[in-house]
Participant: 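Sharing a structure below in C-alpha cells format, with a few things to ask.
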Amino acid sequence: MAKVPVDVEKVARCRALAADIARDVQSTIDAHTTIGVERTVARAYGVEGADAEGTPLANALVDKIHGAGKTGLGVGYFLGRALHAGASSVQEAAEQIAFGGDSVEVGANDDATSYRQALAKHTDAALVRIDRARTEREGLRSSLTVGAEPLKYVIVATGNIYDDATQAKAAAYAGSDIVAVIRATAQSLLDYVPEGPTTEGFGGTFATQENFKIIRSALDEISKKLGRYVQQTNYSSGLCMSEIAWMAAVERLDMLLNDAMYGILFRDINMERTFIDQYFSRRIIARSGIVINTGEDNYLTTADAVERAHTVLASQFINEAFADRAGLVPEQMGLGHAYEIDPWIEDSFLFEVAQAQLIRQIFDRHPIKWMPPTKFKTGDIFHSHVHDAMFNLAGVLTNQSIELLGMFSEAIHTPLLMDRYLSLKSARYIFGAARHLGDEFEWKPDGRVANRAKAIVDEALELLTDVQRDSIWTSIAAGVFADVKRTRTGGKGHAGVVRRDALYMNPILDVLEGRAKEAAR
Amino acid sequence: MAKVPVDVEKVARCRALAADIARDVQSTIDAHTTIGVERTVARAYGVEGADAEGTPLANALVDKIHGAGKTGLGVGYFLGRALHAGASSVQEAAEQIAFGGDSVEVGANDDATSYRQALAKHTDAALVRIDRARTEREGLRSSLTVGAEPLKYVIVATGNIYDDATQAKAAAYAGSDIVAVIRATAQSLLDYVPEGPTTEGFGGTFATQENFKIIRSALDEISKKLGRYVQQTNYSSGLCMSEIAWMAAVERLDMLLNDAMYGILFRDINMERTFIDQYFSRRIIARSGIVINTGEDNYLTTADAVERAHTVLASQFINEAFADRAGLVPEQMGLGHAYEIDPWIEDSFLFEVAQAQLIRQIFDRHPIKWMPPTKFKTGDIFHSHVHDAMFNLAGVLTNQSIELLGMFSEAIHTPLLMDRYLSLKSARYIFGAARHLGDEFEWKPDGRVANRAKAIVDEALELLTDVQRDSIWTSIAAGVFADVKRTRTGGKGHAGVVRRDALYMNPILDVLEGRAKEAAR
Amino acid sequence: MSSDFLRAYGDREGDGMVQLSFTLAILPGDRAREAAKRFAEAHGLKNPLVVTMEQASLEHTYFVVYGRSVHGVDVSQIHVEELGAQSLTRDEIEQAGKKLGRKIVVVGACTGSDAHTVGIDAILNYKGFRGEKGLESYKAFDAHNLGAQVENVELAQRARALGADAILVSQIITQRDCHKENARALHDLLVQQGWRDRVLLLLGGPRIDNKLARSLGFDAGFGPGTVPLEVAAYILEEVIKREAVRQPVMR
Amino acid sequence: MSSDFLRAYGDREGDGMVQLSFTLAILPGDRAREAAKRFAEAHGLKNPLVVTMEQASLEHTYFVVYGRSVHGVDVSQIHVEELGAQSLTRDEIEQAGKKLGRKIVVVGACTGSDAHTVGIDAILNYKGFRGEKGLESYKAFDAHNLGAQVENVELAQRARALGADAILVSQIITQRDCHKENARALHDLLVQQGWRDRVLLLLGGPRIDNKLARSLGFDAGFGPGTVPLEVAAYILEEVIKREAVRQPVMR
Ligand code: B12
Ligand code: B12
Ligand SMILES: Cc1ncc(COP(=O)(O)O)c(C=O)c1O
Ligand SMILES: Cc1ncc(COP(=O)(O)O)c(C=O)c1O
C-alpha cells in the first residue's frame, strides 16, 4: 500500500487524549439511564407489540414508570417485581404495569434481590437471543463467499419496505456487498420505534423490527441465489438508538450507523441523552458482533472539508475511545469519513487521498467506512458520475474497507434502481482496473500528499488537547465539530435522562459489562 | 513526474533500427513520384478551381500528363515549359495543358534548365505562401494565451461545415484547446480533393480548402473573444495526403493527422504510394511548422492492446525516423497512442499508465498525442463517461501533451454538442483535481507498472530487429502491425506511383530538401 | 413556426436529438428492445435507437435511447414571472437601509422534519456562501436563524414575536412533494392568523423557483446557487415598496 | 391495463420515472428553465424537474430533466420475429455439417465505404470474438472474408463465383441511415440478378437487429455482442432446411 508518513508518537498522544475525553463522559453515563435505554431493556426481556394507535408496549411501560419518576430504578426492577409477584411472563408483567394498574411506587418492603432472581432466566434468554442471531449470521456468512474490499455499500430508500426489498435484491444482483435501508426523514426525532412493516416514508423507510426482518429475508434469499453473502445495515441513531441496536442484533443485521455524537450535532438531540444511549447501544452491538459505522463524514457537509479535515480525525479518535469503553473490538469500528472537498480546487484529489490514506494507516485494524461526495454534487448526473469515479479510485488506492458508493443523482433524489445499477457497475470497473495501484509506489515523504497528512495529524492533536482540557461538553458548545454548537442540557430528549437510583436494576447491562456471570449454555 | 525505468541503451538501439528501416524505404521514395505529389506541386504553384463536375484543375492537369505516361517528369516540367512558352500565369499554363491541347510529349529540343528558370519566381511564391501562413499563425498564437497540457482536443463531425463551425465555437467556449473536423467516411479513398464548402458527409465532413478556411475563421473569431488560441486540425492522410498537407499549411491549420503507414494498414492504400506521399506531405509540414499526429492508436482497435502494445512503440520509432527524414523536428512529432485495453481486465489502468508513461519518457521532446478508449465503448453512455474519466486521469498523471477527449457516445454517433460539452467539463475537473499527482511519487522499480514498461521496450526492440532484417515491405505483408497484412504492390492507388525520370523536375521539393537555394525575402 | 420555436439541438439545427433513459420490468432480448423502442416512440421520439439494454436486476432492464424528438417549445409563449429585484451592491443596500431608518427583521428556518441547514445558513449566517457574507453581516438587517426541524407553528410564533418583515423558509427534502405541502401550510397558517399580508414570505431550496414559490402563496422563490446579496436586495426593495404604501407597519 | 402493460420503473412499481437530456438554443435563466420544462411535458413527462441547466456554448444550454412519464407499452402486443436458430454447441454443428456432406460456403464483407472490419472479422476469422473462434475454424464451413470497403457489385460477383450459401454483410457506419441504403441496395441487386432466393442474406452491426434486417430484405440480423456460434448455428439450420426443400442447390 502506498503509505504516507505517520508520526506514531503523535497518534499515541491523540489516542490517550481521546481516552481521557471519553473517561470524563463515562462518569455521567454510569450515573444515568434514559427512557430509551429502559425501553431497550424491556424489549430485550421480550416486551413486544403496540396498541391500536401504534404506541409500542415498551413505550407505554416505560412512560408509566417515567411518569411516576421512577425510571432511575430501571424497568428491570418493575418487571422483576411483577414476575416475582406471579406474572406468568415478561409480556404479562409489562402489560400489568403499563395498563393493569400495577403500582410503580417503591414499597417499603421491596426486595430487589428477589426481583433480580426472578429476572435471571429472562436475562439469560435475552442474551441467548443475541448470541443465537450472531451465530446464525456467522454461519451463513461462512457458508457463502464475501466480496473483496473495498466493500460496495449502497443505499435503498423508497419509503416503502416492499419496494426496498425489491431494490435490495436488485442491488445485490448488481454486485453490492452491503445494503442500507435509509431511514425516513423524521424518524430519529421520534421517541419510539414504529411497529410492523411500513410503506410510507419521506426520504427513506422507517426502521422497524419487522422491516429489518423483511430486508434480511430478502437478502438471505438473494445471497443464497448468488452464493455471495450480502450484508444489511440500518441506523442505530436518534432518540431510539439503543432500541434499534437491539432490534438489529436479534434480526441479524451486519452493520449499524452508530456514532457517539452524530445525534447531538445533526439532530439536535440532547448531549447527555446521546452519550448514555450510545453507550448502551454499543454494549449490545459489541455482543452481537455488528460492525458500527460512525458519522464523521457528516461534519464535512456543514464545515469545509479542506479547513476542517482534522476535526474528522479527532472525532474518530473520540468515537474509537467511546467504542472501546463499550467493549467493541477495533474490527467492529467502522470509523467514518468522506470525500467532500470542493472538486474544482486544484489537487483536490490529492488532498482526498491524503486523508483517506492517513486514516487507513492510523486505524489499521478498523473497517474504515468511506462516504462519497455529496455536498458538491449538482443535478448534472453525467458529471456527478465522474466525480464518484474519482472517489472510487481513491477508495481502492487507499484500501478503504467499506465504500459507500456515490450515486449520480445524489443532488436530486434518493437513488432509482438504474442509478444504483450504474453506480455499482462503475465501482466494479474501477476497483478492478486499479486493483493494485496502491502497491505500485510510496508517496514522496515531502510531497503534497504527505504534507497534507502530517498537517491533519498535527491539527487533530491540537484540537484533542483543547477538548481534553475543556471537556467534550464545553467543546461541543463551542462548535468544534461540524461548525455546530449545542449545549449540555439543550436539545431534544433531555427529559428522558434520569439519574440512576442506588437500586437501579439492569441485569442485562451487568452481563454486557462483564460484571455479572453469564449463564452457561 | 512519476517515472518508470527506461533502458536508454535499448531505446538507442530501437532508434538506430528504425532509422535503418526508414533509410531502406527512402531509396524508393527518392526514385518515385505520385500523381498526388504532382497535384500538390501544381496547387503550390497556384493551380486552382474545378470544372462543373467538380474535377479540380490540378487533377485534370495531372491526369492528362499521367495519361500520357509522363508523370515521371513532374508537373513542374510541363508548367515550366508552358510558362517558358509564354503562358501568362501558372493557372493559364495548367489550363492549356489540361484542356488547351498543349502537348504532353517530350520534345527533342526541350530545355529543362529554362523551364526551371521560368518556374523560379513561382517556386519562391509557393514557399512564401507557406511561410506567411506560418508567421501569421505564430503571431496570433503569441498574442493570445494557450491552454495547459494535456491540451484538450475534441472532434466535430456533423457532415456540414457550417454546423461544424457552430460546434467548433461551442467546443472552444467549453474549453477545448484543439478542434478537429473529422473527415467524411469515404474521403481518403478519393483521388482528388473536393472543391468549396460542403454540407453533406457521412461520419464527418469533407476536407476541402474552403472548409479549412471556414473553420479557421470561426476559431480565430472565438479565440479572440476568449483570449485563448484554439488550434485546428484535420487529416493529411489517404490518396490526397500531400495535397491536404499543403492546404493545411496555407490555411493556417495547427496540426494534421499524418502517419507514414496508416493509409496502408487501415485504408488498404498501396504501400509505395503511401510512403512516397507521406514524405512529400511531411516536407511541407516541416516547413509550415504544423504538428503531426501519428495513428498508432488505430493498431489497438484491430489488435489486442495488451498483447500488441509493443507494436505501437515500434511503429512510433519508425514514424519518428520517417518524420526525421522529412525534416520535422521532434517538437512537431505528435506520436500517437491509445487507451484501448479491455477495461474489465484486472489492473488495466496500471497497464495503460505504464505505456503512457513509457512513451512520454522515450519521446520527451515530442508532443505526444493520446487517444481515448473507443473499442470497448458501449452504448452505456454513463459508464462510458467513467471510462473516459480514467483515461483523463492517466493523461494528466503521465503528462501527455495532446489528449483527444473521449466522448460518452463514442459507440453511438459522432458527438452531439452536449456530449462534447460534458467531455470537456470532465477533463477540466480531472486535470485540475489531479494536477500534480504525477509529482507525488515514483513507480516502484519492480512493480507491475515498471515491469510492463520494460517488457514493452524489450518486445519493441525485438520487433524492430525483425523488421530491420526483413524490411518494412515484407514485415507489413506478414501483418506485424494492427494484425493487418498488405502487399507492396497491392492496395489502392498503386497506378498513381511513377518512377522519376532523369529529368524529373520538382523545384519546390528541391527547396524543401535544402538542395536548392531559397529566394531572399 | 416562428424562430422562437425551439427544437432540441443534437449536432445540427433542428435535428431534435434527445437522450432518454429508463428502466422497464422486462428482461433483455428482442422483445425488450422493441418494448423500449415503442416506449420511446410514445414520447415522440422518431426512429429511436436503443443503444443500451442491460439487465439491472433479476427482473429489470436499464435502457438508453437516442431519438429525434418531434416536439418543440414556442418560447414566445413563455411569460415567466421574473424576480422584481434589481441587482444592488452591498453598499447600495446598506445606504438604502440607513435611509429606511431601522433594521429589517428577517427570520429564517428550515421547516418540518427537514434538517438541512446548509442552505438557510448560506443565506443568513455571517459565513455566507461562495465568498459572500450572509444577511447577519449587513447593518441593514436583523437576522434570526432558527435552524432546522422547526415546525410551522413555532416559526410563525417566533416571527411574530420578533416583528419580522420577512420570513425565510428553506425546504430541501422534496420526496413526494412534502416541501410543497409544508410551505403551503405555513402560508395558510399565516392567513388564518390574519397577518399574511404584513410579512414577506420567501421560499428557497434546490428544487424551488420563483414560479413554484408564488404558486404556493409565497412572495418569491430562490433556487440553487442563490447568493445572499440577491436575497438582501429583494427583501430591501420589497420592504421599502411596502413601507411607502402602508405606514406604519404593525409590529 | 393488463399486467403486460409496462411503465417506467424508477424506484417504485409504476412510478413512471424517466430521465431526459437535451440541448436547446437558449441561454440559461428562468425562461430557459420553463422552456425545458414545457419541452419535457410535451414528451409526456408529468411534473418534470429540470435538474441541470448549464450553458454549453455561446448560444446553447444543456438540460437534464427527470419526470414521471405517462406513457407505457403493452408488451402483449409485441410480436418480434425471433431468430429461428436453436442454440447448438460447436460439436453439434460439426456433426450436422458432416451429415450435410459438404462445406457450407459463406462470404462476408463490410460494404460500401465502411472500413470497420473488426465486426465481420470477429464472426468469420479464426481468431473470433470473446474467446470463441470464428467460422473459419469450423470444418463445416468454408469461410471467405473479403474485408472492408467492398462494393455491393463486387461482393455479389465474388459470392456467386464462390457458390456462396450465405452472404454476410457488416454495416457499422450508420450516419444518415447509409447502412440501410447500402444493405437494401445489395438485396435489390441480387433480386435483379435473379438469385436472391438461392442465398441466405445476413446483416450484422452494432445498430442492426433482426427486425431491421428483415425489413431490408435480409433473412436475419445480428446485433452487438453476437458470437460466431450463434451465426454458425443459424446458417447451418437454414441451409439444412433449404436443402431439404429444394434439391439440388445451384452452384
Ligand atoms: C448536506 C446534506 C445532508 C446533511 C445536512 C447537514 C445540515 N446540517 O444541513 C446530512 C448528512 C445531515 C443529511 C441528512 C439527510 N439527508 Co441530505 N443531503 C445533503 C446534501 C448532500 C447537500 C445539501 C446541501 O447542503 N447543499 C448545499 C446548499 C448550500 O445548497 P441548498 O440547500 O440548495 O441551498 C442553496 C439554495 O437552494 C438556496 N436556498 C436554500 N434554502 C433557502 C432558503 C431561502 C429563504 C433562500 C432565499 C434561499 C435558499 O440558497 C442556498 C445557497 O445557494 C444533499 C444532496 C445535494 N448535493 O444536494 C442531500 C439531500 C438533500 N439529502 C437527502 C436526504 C434524503 C437526507 C436524509 C433524509 C437521508 C436519511 N434518511 O438519512 C437525511 C435526513 C435529514 C433530514 N431530516 O432532513 C436527499 C433529499 C431527497 C429529496 N429530494 O427529497 C438529498 C437530495 C440526497 C439524496 N439524493 O438522497 N443531508
Ligand atoms: C475500431 C473503430 C474504427 C477503426 C476501424 C478499424 C477496423 N479495421 O475495423 C478505425 C480507427 C479505422 C475507424 C475509423 C473510422 N470510424 Co470508426 N469506430 C471504431 C469503433 C471504436 C469500434 C468498432 C469496433 O471495432 N467494434 C467492435 C466489434 C467487435 O463490434 P461490432 O462492429 O459491433 O461487431 C459485432 C456485432 O455488431 C456483430 N457484427 C458486426 N458485423 C456483423 C456482420 C454479420 C454478418 C454478423 C452476423 C454479425 C456482425 O458481431 C460483432 C461481434 O459481436 C467504433 C465505436 C464503438 N465503440 O463502437 C467507431 C465508430 C464505428 N467509427 C465511426 C466513424 C465515424 C469512423 C470514421 C468514419 C471517422 C473518421 N471520419 O475518421 C473512420 C472511417 C472509417 C470508415 N470509412 O469506415 C463512428 C460511426 C458513427 C455512426 N454511427 O455512423 C463510430 C461509432 C465512432 C463514433 N462515435 O464516431 N473506426
Ligand atoms: C451516524 C449516523 N446516524 C444516522 C444518520 C442518518 O440520519 P438520521 O438518523 O438523523 O435520520 C447518519 C447520516 O448519514 C449518520 O451518519
Ligand atoms: C493518421 C490518421 N489518418 C487518418 C485517419 C482518419 O481516417 P481516414 O483518413 O481513413 O478517413 C486516422 C484515424 O483516426 C488517422 O489516425
Side-chain angles (χ1 to χ4, degrees), chain C residues 4 6-11 13-14 16-26 29-45 47 49-51 53 57 59-60 63-64 69-75 77-83 174 177 206-207 209-211 223-224, chain D residues 4 6-11 13-14 16-26 29-45 47 49-51 56-57 59-60 63-64 69-75 77-83 174 177 206-207 209-211 223-224:
Chain C
D4 284 339
L6 292 182
R7 294 194 57 203
Y9 181 101
D11 67 349
E13 211 48 59
M17 191 65 94
V18 304
Q19 176 274 322
L20 184 71
S21 60
F22 51 86
T23 302
L24 297 177
I26 190 172
D30 288 351
R31 268 167 74 82
R33 183 182 295 105
E34 183 61 22
K37 212 174 140 187
R38 292 192 189 179
F39 184 68
E41 278 165 352
H43 291 79
L45 271 56
N47 293 326
L49 217 54
V50 178
V51 297
M53 172 171 70
S57 88
E59 294 138 26
H60 299 89
F63 300 91
V64 177
S69 162
V70 300
H71 302 296
V73 263
D74 187 349
V75 285
Q77 293 307 309
I78 296 180
H79 310 288
V80 285
E81 310 157 76
E82 302 267 355
L83 260 189
T174 59
D177 285 343
R207 295 292 156 255
D209 58 34
N210 195 40
K211 196 175 161 216
Chain D
D4 284 338
L6 292 183
R7 294 195 57 204
Y9 181 100
D11 68 349
E13 211 49 58
M17 191 65 94
V18 303
Q19 177 272 321
L20 184 71
S21 58
F22 52 87
T23 302
L24 297 176
I26 190 173
D30 287 351
R31 268 167 73 80
R33 184 183 294 105
E34 183 62 21
K37 211 174 139 188
R38 291 192 191 179
F39 183 69
E41 278 165 353
H43 292 79
L45 271 57
N47 294 325
L49 217 54
V50 179
V51 298
S57 89
E59 296 137 26
H60 298 90
F63 299 92
V64 177
S69 162
V70 300
H71 302 295
V73 263
D74 187 349
V75 285
Q77 293 305 309
I78 296 180
H79 310 287
V80 284
E81 309 154 77
E82 300 268 355
L83 261 188
T174 59
D177 285 345
R207 295 293 157 254
D209 59 35
N210 195 39
K211 195 176 164 218

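Residue numbers start from 1 in every chain, and the chains themselves are labelled A, B, ... in the order their sequence lines are given, proteins ahead of strands.
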Participant: Is D/Q77 in contact with chain C via its backbone, its side chain, both, or neither, using a 4.5 Å heavy-atom distance?
Facilitator: both
Participant: Between D/K211, D/R31, D/H71, which residue shows the highest count of heavy-atom pairs closer than 4.5 Å to chain C?
Facilitator: D/H71
Participant: Using a cut-off of under 4.5 Å for heavy-atom pairs, which of C/R207, C/H43, C/E13, C/M17 has the most such pairs with chain D?
Facilitator: C/H43
Participant: Got D/V75 and C/I26 here, is their nearest side-chain heavy-atom distance under 4.5 Å?
Facilitator: yes
Participant: What residue in D/F22, D/F63, D/Y9 has the most heavy-atom pairs under 4.5 Å with chain C?
Facilitator: D/Y9
Participant: Heavy atoms only, distances under 4.5 angstrom: which of C/A25, C/G44, C/P206, C/G16 has the most pairs with chain D? Name it, please.
Facilitator: C/A25
Participant: For C/D30, is it the side chain, the backbone, both or neither that has a heavy atom under 4.5 Å from a heavy atom of chain D?
Facilitator: both
Participant: Quick check: does any side chain N or O of D/S57 sit under 3.5 Å from a backbone N or O of D/H60, one acting as donor and the other as acceptor?
Facilitator: yes
Participant: For the candidates C/A32, C/A35, C/G10, which exhibits the highest count of non-hydrogen atom pairs separated by less than 4.5 Å from chain D?
Facilitator: C/A35
Participant: Can you say whether D/R38 sits under 4.5 Å from chain C via the side chain, the backbone, both, or neither, judging by heavy atoms?
Facilitator: both
Participant: With a 4.5 angstrom heavy-atom cut-off, is it the side chain or the backbone of D/I78 that approaches chain C, or both, or neither?
Facilitator: both
Participant: Going from CG on D/L20 to CG on C/L45, what distance comes out if it is rounded to the nearest 0.5 angstrom?
Facilitator: 7.5 Å
Participant: Has C/R7 got a side-chain atom pairing as donor or acceptor with C/S69's backbone, closer than 3.5 angstrom?
Facilitator: yes
Participant: Considering only heavy atoms from C-beta outward, does the side chain of C/D209 approach that of D/R33 to under 4.5 Å?
Facilitator: yes
